[in-house]
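Heads up: the structure comes next, in structure tokens.
Given the structure is predicted, the values throughout are model-derived calculations rather than measurements.
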Number of protein chains: 2
Amino acid sequence: MKAQILIVEDDADLIELLEYRLQKEGYETLGFLSTKNVKRALAEEHVDLILMDRSLPDIEGSEFIAMMREKGLDTPVIFLSAKDSKYQVEEGFIRGADDYMTKPFEMSELLLRIEAVLRRTKKSIHSNLVTYRDIQLDLSSRTIHIGAQEIELTKLEFDLLHTLIAHQGSVLKRDFLLKNVWGRGGSFQGRTVNVAINRLKEKIDPDKSKNYIKTIRGIGYTLF
Amino acid sequence: MKAQILIVEDDADLIELLEYRLQKEGYETLGFLSTKNVKRALAEEHVDLILMDRSLPDIEGSEFIAMMREKGLDTPVIFLSAKDSKYQVEEGFIRGADDYMTKPFEMSELLLRIEAVLRRTKKSIHSNLVTYRDIQLDLSSRTIHIGAQEIELTKLEFDLLHTLIAHQGSVLKRDFLLKNVWGRGGSFQGRTVNVAINRLKEKIDPDKSKNYIKTIRGIGYTLF
DNA sequence: CTCGCTTGTAACCATTATGTAACCAAATCT
DNA sequence: AGATTTGGTTACATAATGGTTACAAGCGAG
């Protein structure tokens with residue numbers, strides 16, 4: 001899948017140059033002369049990266065980013081800023097951007113930086129998912145989603161749910177769960193597993209309508 | 001990797017001579033009789049250096065450079081000029097050329113100057129940014145900005161924040177942090193990571209309103 | 001060498017998670 | 001149906017874990 005790059009730059013010739021080169025590299029491009037229609041484009045299209053002149057006629061680049069971030073958009077941005085002594089001093093004020101290039105720049109270096117930023121932001125979606133019905137566990141971020149809702153589980157509850165899902169289809173005996181989730185053999189007596197399962201049930205299905213976990217009397221628990 | 005040199009010169013014989021000699025030295029060359037197609041060539045190919053006659057039939061050399069720089073290209077340029085006057089040499093430098101040769105010139109001297117310019121322009125002065133929400137780390141200058149504010153972090157705190165951001169989206173266990181930030185395996189006990197995280201939290205979010213760092217009880221820490 | 005900053009450690013506090021027990025409800029058996 | 005067995009529910013004590021603070025050793029800049 002090609003990455004789509006949005007360009008905001010008030011120099012039409014530079015847009016042309018950038019679009020030509022980026023398309024040649026296999027990117028899709030969207031060129032804009034001002035930020036006027038950019039917001040709409042961001043809402044309508046999926047944009048992987050924004051290349052933006054820092055000093056646009058209508059708005060300051062970092063201001064635009066601030067607005068964008070406020071709307072909840074975290075599209076990465078690379079600034080293109082003029083090598084103006086005034087801006088050199090204020091380099092620290094380039095904020096919210098993922099990278100920046102000072103004009104004049106080498107086209108090949110820009111391409112490398114684009115690649116780097118895309119690689120970096122793509123990687124953050126390196127999740128490790130386990131799903132059962134509408135439950136979704138992300139093992140790397142240890143987050144749990146049920147439908148669109150995110151819920152919180154303790155370490156024990158998370159591990160318990162994880163092994164239940166991992167062995168879905170088979171009935172898990174208490175000994176098995178104690179060994180796999182708690183780590184110790186039979187050092188626990190009584191209702192330990194029982195209570196844990198119930199606390200888990202309470203969290204993933206408070207109104208008892210989904211019936212994720214089924215009790216097999218005399219044996220243990222299972223998911224279907 | 002061979003450097004590519006673009007030549008713009010209205011004397012076809014001189015182009016041929018230059019190309020022959022430069023190729024013999026191991027450079028790749030692109031010859032042009034006018035600036036007409038040079039812009040396109042600069043977009044398509046990586047060019048390390050431009051050799052340019054200062055008085056071309058279609059455009060003045062320094063004017064062309066000005067245009068190029070405005071487009072954001074910083075490819076170095078060496079002027080070749082038939083006129084010999086100190087005044088003009090200085091003017092040439094002021095207008096953005098990296099070096100200047102007056103015809104007739106010694107081929108060996110040109111080669112030396114080409115080498116010098118290429119060596120000089122290899123170094124990159126661009127920064128290396130890592131961002132998370134409104135936090136921005138500049139890895140080359142090791143400065144940290146949160147929004148408009150610049151804050152100071154110790155080496156340890158900087159490295160810690162850096163690895164947290166680099167692995168944003170996954171929970172980082174204490175062992176992992178000890179290995180990656182501290183460098184040693186398990187040579188630390190107790191609250192070492194803990195205290196470091198809290199010192200970092202205190203600096204990047206003194207009034208505890210931003211909640212950048214989330215504690216995952218029993219596992220470690222994460223950004224989200 | 002000294003001063004100040006950094007940072008590991010320990011002691012202590014606060015919070016959360018969880019094992020256990022007591023009790024209740026439901027299923028199973030005779 | 002009543003007894004018995006098994007699981008569910010609740011409350012609570014405490015263990016586990018992380019946060020906070022203070023302090024001293026280490027380290028580097030001057």
Under 3.5 Å, side chain of B/Asp134 to main-chain N/O of B/Ile146, donor-acceptor pair present?
no

For C/dT18, does OP1 or OP2 lie under 4.0 Å from any side-chain N or O of A/Trp182?
no

Reading DNA chain C from 5' onward, which residue's closest nucleotide shows up sooner: B/Leu156 or A/Val195?
B/Leu156

Kindly say if B/Asn194 contacts the phosphate of D/dG18, meaning a side-chain N or O under 4.0 Å from OP1 or OP2.
no

What is the separation between atom CZ on A/Phe158 and atom C1' on C/dT18, rounded to the nearest whole Å?
18 Å

With a 6.0 Å cut-off (strictly less than), is the heavy-atom count around NZ of A/Lys39, excluding the residue itself, greater than 12?
no

When you measure from the side-chain N and O atoms of B/Thr154 to the phosphate of C/dT6, is any distance below 4.0 Å, counting only OP1 and OP2?
no

Less than 4.5 Å apart, side chain to side chain, heavy atoms only: is that true for B/Thr215 and B/Ile197?
no

Let's see if you can work this out: which of C/dT18, D/dG8, D/dG19 has an atom nearest to the side-chain heavy atoms of B/Tyr221?
D/dG19

Could you tell me the separation between the CZ atom of B/Arg217 and the P atom of C/dT15, rounded to a whole number of Å?
11 Å

In whole angstrom, give the distance that lies between atom CZ of A/Arg199 and atom C1' of D/dA11.
10 Å

Just how far, in rounded Å, is P of C/dG8 from CD of B/Glu157?
10 Å

Please confirm whether the shortest side-chain N or O distance from B/Lys201 to OP1 or OP2 of D/dG18 is below 4.0 Å.
no

Rounding to a whole Å, what distance do you find between B/Glu152:CD and C/dT7:C1'?
17 Å

Side chain proximity check, A/Leu172 to A/Asn180, heavy atoms < 4.5 angstrom
no

Rounded to whole Å, please give me the gap between CZ in A/Arg191 and C1' in C/dA25.
13 Å

Rounded interatomic separation in angstrom, taking CG from B/Leu200 and C1' from D/dT20:
16 Å

Compare side-chain N and O positions of A/Thr215 against OP1 and OP2 of D/dT6 and report whether any pair is under 4.0 Å apart.
no

Do other residues, nucleotides or ligands put more than 12 heavy atoms under 6.0 Å from the NZ atom of B/Lys203?
yes

So, does A/Arg174 get its side chain near the phosphate of D/dG7, meaning an N or O under 4.0 Å from OP1 or OP2?
yes

Spacing of A/Asn198 atom CG relative to C/dA25 atom P, expressed in whole Å
15 Å

Does A/Lys155 have a side-chain nitrogen or oxygen under 4.0 Å from the phosphate oxygens OP1 or OP2 of D/dG18?
no

